[in-house]
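Here is the naming used below: chain letters follow the sequence lines, and residue numbers restart at 1 for every chain.
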Amino acid sequence: MDKQQFQQDLIGWFQKEQRDLPWRRTADPYQIWISEVMLQQTRVDTVIPYYKRFVEKFPTVESLAQAEEESLLKLWEGLGYYSRARNLQAGVREVAEQYGGIVPSTRKEISSLKGVGPYTAGAVLSIAYGVPEHAVDGNVMRVLSRILLIEEDIAKPKTRKVFEQAVTELISHEDPSSFNQGLMELGALICTPTSPKCLLCPVRDHCEAFHAGKETELPVKTKAKKNRNADFAMVAIWSGNKLLMEQRPGKGLLAGMWQYPMLELTAPLEADEIGELYAEALNGSLSDVEKITAFKHVFSHLTWNVDGYLAKAEEFTPPENMKWVTPEQLENLPIAAPVQKMKTALEQRGDVAK
DNA sequence: AACTCGGGGGA
DNA sequence: TCCCCAGAGTT
(Lines give C-alpha, C1' and ligand atoms only; values in the text may rest on other atoms or scores of the structure.)
Protein backbone atom coordinates (compact mmCIF):
# COMPACT_ATOMS: atom_id res chain seq x y z
CA MET A 1 0.00 0.00 0.00
CA ASP A 2 1.44 3.33 -1.14
CA LYS A 3 -0.12 5.45 1.57
CA GLN A 4 0.72 8.76 -0.06
CA GLN A 5 -0.78 7.71 -3.37
CA PHE A 6 -3.86 6.26 -1.70
CA GLN A 7 -4.54 9.51 0.14
CA GLN A 8 -4.10 11.49 -3.03
CA ASP A 9 -6.38 9.24 -5.10
CA LEU A 10 -9.08 9.22 -2.44
CA ILE A 11 -9.00 12.93 -1.65
CA GLY A 12 -8.73 13.92 -5.31
CA TRP A 13 -11.78 11.82 -6.15
CA PHE A 14 -13.74 13.18 -3.20
CA GLN A 15 -13.03 16.77 -4.05
CA LYS A 16 -14.16 16.22 -7.62
CA GLU A 17 -17.12 13.91 -7.13
CA GLN A 18 -18.59 14.77 -3.75
CA ARG A 19 -22.32 15.39 -3.50
CA ASP A 20 -23.52 18.87 -2.76
CA LEU A 21 -25.01 18.37 0.71
CA PRO A 22 -26.38 21.12 2.97
CA TRP A 23 -23.90 20.43 5.80
CA ARG A 24 -21.02 20.69 3.36
CA ARG A 25 -21.91 24.34 2.87
CA THR A 26 -21.08 25.31 6.44
CA ALA A 27 -17.90 25.41 8.51
CA ASP A 28 -19.82 25.85 11.77
CA PRO A 29 -18.85 23.01 14.15
CA TYR A 30 -22.28 23.21 15.79
CA GLN A 31 -24.12 22.69 12.52
CA ILE A 32 -21.75 19.94 11.44
CA TRP A 33 -22.39 18.29 14.79
CA ILE A 34 -26.15 18.44 14.12
CA SER A 35 -25.68 16.74 10.77
CA GLU A 36 -23.54 13.97 12.22
CA VAL A 37 -26.08 13.16 14.91
CA MET A 38 -28.91 13.08 12.39
CA LEU A 39 -26.84 10.86 10.11
CA GLN A 40 -26.37 8.20 12.77
CA GLN A 41 -27.97 5.06 11.30
CA THR A 42 -29.90 7.28 8.91
CA ARG A 43 -29.59 7.79 5.18
CA VAL A 44 -28.41 11.04 3.67
CA ASP A 45 -31.59 11.56 1.63
CA THR A 46 -33.73 11.14 4.72
CA VAL A 47 -31.68 13.61 6.74
CA ILE A 48 -31.53 16.49 4.25
CA PRO A 49 -34.98 18.04 4.88
CA TYR A 50 -34.72 17.51 8.63
CA TYR A 51 -31.30 19.15 8.73
CA LYS A 52 -32.50 22.17 6.79
CA ARG A 53 -35.52 22.73 9.03
CA PHE A 54 -33.46 22.17 12.14
CA VAL A 55 -30.65 24.64 11.48
CA GLU A 56 -33.18 27.17 10.30
CA LYS A 57 -35.07 26.98 13.56
CA PHE A 58 -32.04 26.43 15.81
CA PRO A 59 -29.11 28.08 14.01
CA THR A 60 -26.90 28.49 17.07
CA VAL A 61 -25.80 26.70 20.22
CA GLU A 62 -27.73 29.23 22.27
CA SER A 63 -30.98 28.78 20.35
CA LEU A 64 -30.95 25.01 20.77
CA ALA A 65 -29.86 25.25 24.40
CA GLN A 66 -32.93 27.31 25.16
CA ALA A 67 -35.44 25.28 23.12
CA GLU A 68 -38.46 23.54 24.61
CA GLU A 69 -38.25 19.78 24.42
CA GLU A 70 -41.62 19.57 22.67
CA SER A 71 -40.57 21.81 19.78
CA LEU A 72 -37.29 19.91 19.55
CA LEU A 73 -39.07 16.55 19.30
CA LYS A 74 -41.56 18.02 16.83
CA LEU A 75 -38.66 18.89 14.52
CA TRP A 76 -37.23 15.40 15.00
CA GLU A 77 -40.63 13.73 14.43
CA GLY A 78 -40.35 10.87 11.96
CA LEU A 79 -36.56 10.76 12.01
CA GLY A 80 -36.41 8.08 14.70
CA TYR A 81 -34.05 7.38 17.59
CA TYR A 82 -35.52 10.25 19.56
CA SER A 83 -32.95 9.99 22.34
CA ARG A 84 -30.53 11.45 19.80
CA ALA A 85 -32.45 14.71 19.95
CA ARG A 86 -32.51 14.87 23.74
CA ASN A 87 -28.86 13.87 24.01
CA LEU A 88 -27.92 16.45 21.40
CA GLN A 89 -29.64 19.18 23.34
CA ALA A 90 -27.99 18.02 26.57
CA GLY A 91 -24.61 18.12 24.82
CA VAL A 92 -25.31 21.55 23.37
CA ARG A 93 -26.28 22.83 26.82
CA GLU A 94 -22.96 21.55 28.17
CA VAL A 95 -21.16 23.42 25.42
CA ALA A 96 -23.09 26.58 26.25
CA GLU A 97 -22.36 26.33 29.96
CA GLN A 98 -18.94 24.70 30.16
CA TYR A 99 -17.24 25.75 26.93
CA GLY A 100 -18.53 29.27 26.37
CA GLY A 101 -20.64 28.13 23.43
CA ILE A 102 -17.62 26.82 21.50
CA VAL A 103 -17.72 23.15 20.51
CA PRO A 104 -14.54 21.64 21.97
CA SER A 105 -11.81 20.49 19.58
CA THR A 106 -10.13 17.64 21.41
CA ARG A 107 -11.35 14.06 21.39
CA LYS A 108 -11.30 13.87 25.16
CA GLU A 109 -13.51 16.92 25.62
CA ILE A 110 -15.92 16.40 22.74
CA SER A 111 -16.37 12.73 23.66
CA SER A 112 -17.56 13.75 27.09
CA LEU A 113 -20.62 15.42 25.54
CA LYS A 114 -23.91 13.56 25.64
CA GLY A 115 -24.62 11.65 22.46
CA VAL A 116 -21.11 12.06 21.07
CA GLY A 117 -19.55 8.62 20.64
CA PRO A 118 -16.30 7.57 18.93
CA TYR A 119 -17.63 8.13 15.42
CA THR A 120 -19.27 11.51 15.95
CA ALA A 121 -16.27 12.77 17.89
CA GLY A 122 -13.90 11.93 15.03
CA ALA A 123 -16.28 13.24 12.39
CA VAL A 124 -16.72 16.66 14.00
CA LEU A 125 -13.03 16.95 14.87
CA SER A 126 -11.84 16.11 11.37
CA ILE A 127 -14.53 17.88 9.35
CA ALA A 128 -15.03 21.01 11.44
CA TYR A 129 -11.54 21.43 12.92
CA GLY A 130 -9.24 19.58 10.53
CA VAL A 131 -7.90 17.33 13.27
CA PRO A 132 -6.52 13.99 11.99
CA GLU A 133 -8.83 11.76 14.02
CA HIS A 134 -10.50 8.53 12.91
CA ALA A 135 -14.26 8.52 12.22
CA VAL A 136 -15.24 4.90 11.70
CA ASP A 137 -18.82 4.19 10.68
CA GLY A 138 -20.41 1.35 8.75
CA ASN A 139 -19.20 2.75 5.44
CA VAL A 140 -15.61 2.99 6.59
CA MET A 141 -15.58 -0.55 7.93
CA ARG A 142 -16.98 -1.90 4.67
CA VAL A 143 -14.60 0.10 2.50
CA LEU A 144 -11.48 -0.66 4.51
CA SER A 145 -12.37 -4.31 5.00
CA ARG A 146 -12.13 -4.55 1.23
CA ILE A 147 -9.15 -2.32 0.63
CA LEU A 148 -7.09 -3.92 3.39
CA LEU A 149 -8.70 -7.38 3.10
CA ILE A 150 -9.70 -7.42 6.76
CA GLU A 151 -11.83 -10.49 7.44
CA GLU A 152 -12.82 -9.86 11.03
CA ASP A 153 -16.53 -9.77 11.82
CA ILE A 154 -17.64 -6.14 11.67
CA ALA A 155 -20.72 -6.99 13.75
CA LYS A 156 -18.49 -7.48 16.78
CA PRO A 157 -17.91 -4.35 18.90
CA LYS A 158 -14.19 -4.80 19.31
CA THR A 159 -13.62 -5.02 15.55
CA ARG A 160 -14.20 -1.27 15.27
CA LYS A 161 -10.90 -0.71 17.04
CA VAL A 162 -9.09 -2.55 14.27
CA PHE A 163 -10.47 -0.05 11.77
CA GLU A 164 -9.81 2.93 14.00
CA GLN A 165 -6.18 1.85 14.16
CA ALA A 166 -6.08 1.43 10.38
CA VAL A 167 -7.49 4.92 9.82
CA THR A 168 -5.10 6.41 12.34
CA GLU A 169 -2.23 5.02 10.28
CA LEU A 170 -3.65 5.95 6.90
CA ILE A 171 -5.29 9.33 7.46
CA SER A 172 -3.97 12.38 5.65
CA HIS A 173 -2.63 15.03 8.01
CA GLU A 174 -2.91 17.64 5.27
CA ASP A 175 -6.67 17.14 4.77
CA PRO A 176 -8.23 14.87 7.40
CA SER A 177 -11.70 16.16 6.52
CA SER A 178 -11.56 15.12 2.88
CA PHE A 179 -9.92 11.84 3.81
CA ASN A 180 -12.62 10.79 6.26
CA GLN A 181 -15.47 12.11 4.17
CA GLY A 182 -13.87 10.51 1.12
CA LEU A 183 -13.98 7.06 2.73
CA MET A 184 -17.65 7.54 3.61
CA GLU A 185 -18.57 9.01 0.22
CA LEU A 186 -16.81 6.10 -1.45
CA GLY A 187 -18.88 3.71 0.65
CA ALA A 188 -22.08 5.51 -0.27
CA LEU A 189 -21.46 5.90 -4.01
CA ILE A 190 -18.98 3.24 -5.17
CA CYS A 191 -18.04 0.68 -2.55
CA THR A 192 -21.64 -0.25 -1.79
CA PRO A 193 -22.77 -3.26 0.29
CA THR A 194 -23.95 -5.22 -2.74
CA SER A 195 -22.47 -5.01 -6.24
CA PRO A 196 -19.71 -2.48 -5.61
CA LYS A 197 -18.81 -0.42 -8.67
CA CYS A 198 -15.14 -1.41 -8.71
CA LEU A 199 -14.64 -0.31 -12.32
CA LEU A 200 -15.41 3.25 -11.25
CA CYS A 201 -13.38 3.10 -8.06
CA PRO A 202 -10.65 5.73 -7.67
CA VAL A 203 -8.65 3.51 -5.30
CA ARG A 204 -9.14 0.20 -7.07
CA ASP A 205 -5.39 -0.11 -7.59
CA HIS A 206 -4.92 -0.04 -3.81
CA CYS A 207 -7.69 -2.54 -3.08
CA GLU A 208 -6.54 -5.96 -1.93
CA ALA A 209 -10.04 -7.46 -2.15
CA PHE A 210 -10.43 -6.36 -5.77
CA HIS A 211 -6.99 -7.72 -6.52
CA ALA A 212 -7.95 -11.07 -4.98
CA GLY A 213 -11.44 -11.06 -6.52
CA LYS A 214 -13.01 -11.12 -3.07
CA GLU A 215 -14.76 -7.75 -3.03
CA THR A 216 -18.22 -9.31 -2.82
CA GLU A 217 -17.19 -11.57 0.07
CA LEU A 218 -16.35 -8.63 2.29
CA PRO A 219 -17.09 -7.36 4.82
CA VAL A 220 -17.70 -10.38 7.01
CA LYS A 221 -20.75 -9.68 9.14
CA THR A 222 -22.77 -12.09 11.26
CA LYS A 223 -26.53 -11.82 11.01
CA ALA A 224 -28.64 -9.99 13.54
CA LYS A 225 -31.28 -11.98 15.34
CA LYS A 226 -34.89 -11.42 14.35
CA ASN A 227 -37.36 -9.34 16.27
CA ARG A 228 -40.39 -9.96 18.46
CA ASN A 229 -44.05 -9.14 17.92
CA ALA A 230 -46.56 -7.33 20.10
CA ASP A 231 -50.27 -6.58 19.60
CA PHE A 232 -51.90 -3.29 20.51
CA ALA A 233 -55.22 -1.51 20.40
CA MET A 234 -55.05 2.22 19.65
CA VAL A 235 -58.20 4.26 20.15
CA ALA A 236 -58.99 7.77 18.99
CA ILE A 237 -61.38 8.98 21.66
CA TRP A 238 -63.48 12.04 20.87
CA SER A 239 -65.30 14.17 23.36
CA GLY A 240 -66.98 16.99 21.49
CA ASN A 241 -64.18 18.50 19.41
CA LYS A 242 -61.41 17.21 21.66
CA LEU A 243 -59.26 14.13 21.37
CA LEU A 244 -57.66 12.24 24.22
CA MET A 245 -53.90 11.94 23.77
CA GLU A 246 -51.39 10.00 25.84
CA GLN A 247 -47.71 10.78 26.40
CA ARG A 248 -45.30 7.85 26.48
CA PRO A 249 -42.94 7.47 29.44
CA GLY A 250 -39.74 9.51 29.54
CA LYS A 251 -37.59 6.44 29.00
CA GLY A 252 -37.69 3.56 26.58
CA LEU A 253 -39.22 3.19 23.15
CA LEU A 254 -40.47 6.46 21.62
CA ALA A 255 -39.88 8.18 24.94
CA GLY A 256 -41.93 11.32 25.48
CA MET A 257 -43.81 11.01 22.19
CA TRP A 258 -47.60 11.31 22.04
CA GLN A 259 -50.11 8.72 20.87
CA TYR A 260 -53.75 7.84 20.80
CA PRO A 261 -54.25 5.87 24.02
CA MET A 262 -52.82 2.42 23.51
CA LEU A 263 -53.21 -0.88 25.30
CA GLU A 264 -51.18 -3.99 24.71
CA LEU A 265 -53.36 -6.97 23.93
CA THR A 266 -52.57 -10.43 25.16
CA ALA A 267 -55.48 -11.94 23.25
CA PRO A 268 -57.50 -10.84 20.20
CA LEU A 269 -60.58 -8.83 21.17
CA GLU A 270 -63.84 -7.60 19.65
CA ALA A 271 -64.70 -3.92 19.37
CA ASP A 272 -67.14 -3.97 22.29
CA GLU A 273 -64.56 -5.62 24.53
CA ILE A 274 -62.08 -2.88 23.71
CA GLY A 275 -64.50 -0.38 25.20
CA GLU A 276 -64.61 -2.25 28.51
CA LEU A 277 -60.84 -2.62 28.60
CA TYR A 278 -60.34 1.11 28.16
CA ALA A 279 -63.08 1.98 30.60
CA GLU A 280 -61.10 0.11 33.21
CA ALA A 281 -57.78 1.70 32.27
CA LEU A 282 -59.08 5.24 31.94
CA ASN A 283 -61.75 5.36 34.60
CA GLY A 284 -64.14 6.78 32.00
CA SER A 285 -66.50 4.99 29.65
CA LEU A 286 -66.47 4.79 25.86
CA SER A 287 -69.33 4.54 23.42
CA ASP A 288 -69.74 3.90 19.70
CA VAL A 289 -66.51 1.89 19.53
CA GLU A 290 -65.70 1.08 15.92
CA LYS A 291 -62.65 -0.52 14.32
CA ILE A 292 -61.35 1.68 11.53
CA THR A 293 -57.93 0.35 10.60
CA ALA A 294 -55.26 -2.27 11.21
CA PHE A 295 -51.60 -2.00 10.39
CA LYS A 296 -48.17 -3.29 11.19
CA HIS A 297 -45.24 -1.15 12.20
CA VAL A 298 -41.74 -2.62 12.10
CA PHE A 299 -39.01 -1.35 14.40
CA SER A 300 -35.51 -2.77 14.22
CA HIS A 301 -35.98 -5.05 17.22
CA LEU A 302 -39.76 -5.26 17.48
CA THR A 303 -42.96 -5.29 15.43
CA TRP A 304 -46.22 -3.70 16.49
CA ASN A 305 -49.49 -5.12 15.21
CA VAL A 306 -51.97 -2.36 15.77
CA ASP A 307 -55.76 -2.36 15.57
CA GLY A 308 -57.06 1.19 15.35
CA TYR A 309 -60.45 2.14 16.78
CA LEU A 310 -62.66 5.19 16.92
CA ALA A 311 -64.80 5.88 19.99
CA LYS A 312 -66.71 8.60 21.83
CA ALA A 313 -66.74 9.55 25.48
CA GLU A 314 -68.11 12.14 27.85
CA GLU A 315 -65.16 14.31 28.84
CA PHE A 316 -63.60 12.94 32.02
CA THR A 317 -60.52 13.80 34.05
CA PRO A 318 -57.73 11.88 32.37
CA PRO A 319 -54.78 10.13 34.03
CA GLU A 320 -51.56 12.15 34.56
CA ASN A 321 -49.99 11.16 31.27
CA MET A 322 -52.99 12.12 29.16
CA LYS A 323 -54.79 15.26 28.09
CA TRP A 324 -57.67 16.40 25.93
CA VAL A 325 -56.56 18.38 22.89
CA THR A 326 -58.22 20.07 19.98
CA PRO A 327 -57.20 19.01 16.47
CA GLU A 328 -55.17 22.23 16.25
CA GLN A 329 -53.30 21.44 19.46
CA LEU A 330 -52.63 17.92 18.22
CA GLU A 331 -50.60 19.37 15.36
CA ASN A 332 -48.05 20.65 17.88
CA LEU A 333 -47.57 17.34 19.66
CA PRO A 334 -44.68 15.14 18.50
CA ILE A 335 -45.95 11.77 17.29
CA ALA A 336 -44.00 8.81 15.96
CA ALA A 337 -44.54 6.98 12.68
CA PRO A 338 -47.01 4.33 13.86
CA VAL A 339 -49.21 7.03 15.40
CA GLN A 340 -48.95 9.00 12.19
CA LYS A 341 -50.34 5.94 10.37
CA MET A 342 -53.38 5.97 12.67
CA LYS A 343 -53.77 9.73 12.24
CA THR A 344 -53.73 9.37 8.48
CA ALA A 345 -56.33 6.62 8.63
CA LEU A 346 -58.57 8.89 10.70
CA GLU A 347 -58.14 11.83 8.36
CA GLN A 348 -58.81 9.74 5.26
CA ARG A 349 -61.95 8.41 6.87
CA GLY A 350 -63.20 11.93 7.30
CA ASP A 351 -63.87 11.78 11.03
CA VAL A 352 -61.95 14.92 11.71
CA ALA A 353 -64.17 16.12 14.53
CA LYS A 354 -67.09 15.00 16.69
C1' DA B 1 -20.66 -8.34 24.76
C1' DA B 2 -25.50 -8.06 24.27
C1' DC B 3 -29.46 -5.31 24.08
C1' DT B 4 -32.18 -1.18 23.20
C1' DC B 5 -33.53 2.43 20.27
C1' DG B 6 -36.78 4.33 14.37
C1' DG B 7 -37.66 4.47 10.17
C1' DG B 8 -37.23 3.86 5.41
C1' DG B 9 -35.15 2.40 0.92
C1' DG B 10 -33.39 -0.94 -2.03
C1' DA B 11 -32.20 -5.60 -3.57
C1' DT C 1 -38.02 -10.81 3.18
C1' DC C 2 -33.73 -9.08 4.72
C1' DC C 3 -30.15 -5.73 4.96
C1' DC C 4 -28.26 -1.54 6.28
C1' DC C 5 -27.84 3.01 6.90
C1' DA C 6 -22.07 9.00 8.47
C1' DG C 7 -24.08 4.87 16.13
C1' DA C 8 -24.67 5.74 21.15
C1' DG C 9 -26.29 4.52 25.71
C1' DT C 10 -27.37 1.08 29.03
C1' DT C 11 -26.88 -3.16 31.33
| field | Near-ring test A:W23/A:Y51, centroid separation under 6.0 angstrom | value | yes

| remark: Per nearest nucleotide of DNA chain C, the residue lying toward the 5' end, A:G187 or A:K251, is A:G187

| said: At 4.0 Å (heavy atoms only), tell me whether A:F299 reaches a base, stays on the sugar-phosphate, or touches nothing. | reply: sugar-phosphate

| task | Please state whether the rings of A:F232 and A:W304 are parallel, tilted or perpendicular, taking 30° and 60° as the class boundaries. | result | tilted

| task | Mind running a 4.0 Å heavy-atom check of residues 115-123 of chain A against DNA chain C and sending the residues that fall below it, in number order? | result | A:G115, A:V116, A:G117, A:P118, A:Y119, A:T120

| remark: When every non-hydrogen atom of A:W33 is compared with those of A:V92, the smallest separation belongs to CH2-N, 3.5 Å

| Taking the same atom, C1', in C:dA8 and in B:dG9, what whole-Å distance lies between them? | 23 Å

| Atom-pair distance (CG on A:D153; P on B:dA2), nearest Å | 10 Å

| query | For DNA chain B, which residues in residues 19-40 of chain A have a heavy atom at a distance below 4.0 Å? | reply | none

| query | Could you state the CG-P distance from A:N227 to B:dC5, rounded to the nearest angstrom? | reply | 13 Å

| field | Check: A:R204 side chain, A:L199 main-chain N or O, donor-acceptor pair, under 3.5 Å | value | yes

| request: Would you please name every residue forming a side-chain contact (heavy atoms from CB on, under 4.5 Å) with A:L333, sequence neighbours left out? | output: A:E70, A:M245, A:W258, A:K323, A:V325, A:L330

| said: Suppose the criterion is side-chain hydrogen bond (donor to acceptor under 3.5 Å, both in side chains): which pairs have a residue in residues 179-200 of chain A, not counting sequence neighbours? | reply: A:R19-A:E185, A:R24-A:Q181, A:R24-A:E185, A:S126-A:N180, A:S177-A:Q181

| field | All side-chain hydrogen bond (donor to acceptor under 3.5 Å, both in side chains) counterparts of A:Q247, not counting sequence neighbours | value | none

| query | In whole angstrom, what separates A:R228's CZ from B:dG6's P? | reply | 13 Å

| Heavy atoms from other residues, nucleotides or ligands near NZ of A:K242 exceed 12 (cutoff 6.0 Å) | no

| Sub-4.0 Å heavy-atom contacts from residues 129-145 of chain A onto DNA chain B, ordered by number | none

| message | Just to be sure I understand the rule, does A:S83 reach a base, reach only the sugar-phosphate, or reach nothing, if contact means heavy atoms closer than 4.0 Å? | response | nothing

| said: What's the gap between C:dT11 and B:dG6 when it is taken at their P atoms, as a whole Å value? | reply: 15 Å

| field | Earlier contact from the 5' end, DNA chain B, for A:I335 and A:P157 | value | A:P157

| task | Round to a whole Å and report the spacing from CD of A:Q41 to C1' of B:dG6. | result | 10 Å

Are there any protein N/O atoms within less than 3.5 Å of an N/O atom in nucleotides 8-11 of chain B, and if so, which ones and at what distance?
residue, atom, partner, partner atom, Å
B:dG8, N2, A:R43, NH1, 2.4

| query | Thinking salt bridges, do A:E215 and A:R146 make one under a 4.0 Å N-O criterion? | reply | no

| request: Would you mind classifying the nucleic acid contact of A:P219 as base, sugar-phosphate or nothing, using non-hydrogen atoms under 4.0 angstrom? | output: nothing

| message | Could you check whether any side-chain heavy atom of A:F210 comes within less than 4.5 Å of a side-chain heavy atom of A:V203, counting everything from C-beta outward? | response | no

| task | Using the C1' atoms only, state how far B:dC5 lies from C:dC4, rounded to an integer number of Å. | result | 15 Å

| query | Starting at the 5' end of DNA chain B, which residue's closest nucleotide do you reach first, A:L79 or A:K156? | reply | A:K156

| said: Between A:E56 and A:R53, does any side-chain N to carboxylate O distance fall below 4.0 Å? | reply: no

| remark: In short, A:S105 meets A:V131 closest at the heavy-atom pair O-CG2, 4.1 Å

| field | Rounded interatomic separation in angstrom, taking CG from A:L254 and P from B:dC5 | value | 9 Å

| message | In this structure, would A:V136 and A:I150 fall into the same cluster of hydrophobic residues linked by side-chain contacts under 4.5 Å? | response | yes

| said: Give me the distance, rounded to whole Å, that separates C:dA6 from B:dC3 when you measure between the P atoms they each carry. | reply: 25 Å

| Residues in side-chain contact (heavy atoms from CB on, under 4.5 Å) contact with A:D2, at least two apart in sequence or another chain | A:Q4, A:Q5

| field | Stem list, DNA chain B (Watson-Crick or G-U pairing under 3.5 Å, at least 3 consecutive pairs) | value | B:1-5 with C:7-11, B:7-11 with C:1-5

| Would you say B:dC5 has OP1 or OP2 under 4.0 Å from some side-chain N or O of A:H301? | yes

| Who pairs with A:A128 by side-chain contact (heavy atoms from CB on, under 4.5 Å), at least two apart in sequence or on another chain? | A:P29, A:I32, A:V124

| field | Check: A:F299 ring centre within less than 6.0 Å of A:H297 ring centre | value | yes

| remark: Its 5'-most and 3'-most nucleotides having an atom under 4.0 Å from a non-hydrogen atom of chain A, DNA chain C is contacted over C:dC3 to C:dG9

| said: So does A:G80 get a backbone contact from the side chain of A:W76, meaning a donor-acceptor N/O pair under 3.5 Å? | reply: yes

| request: Identify whether the distance between the nearest side-chain nitrogen and carboxylate oxygen of A:E152 and A:K156 falls below 4.0 Å. | output: no

| query | Which residue pairs satisfy the side-chain hydrogen bond (donor to acceptor under 3.5 Å, both in side chains) criterion with at least one member in residues 84-93 of chain A, sequence neighbours excluded? | reply | A:T42-A:R84, A:E69-A:R86

| Heavy-atom closest pair, residues A:L244 and A:P318 | CD1-CB, 3.8 Å

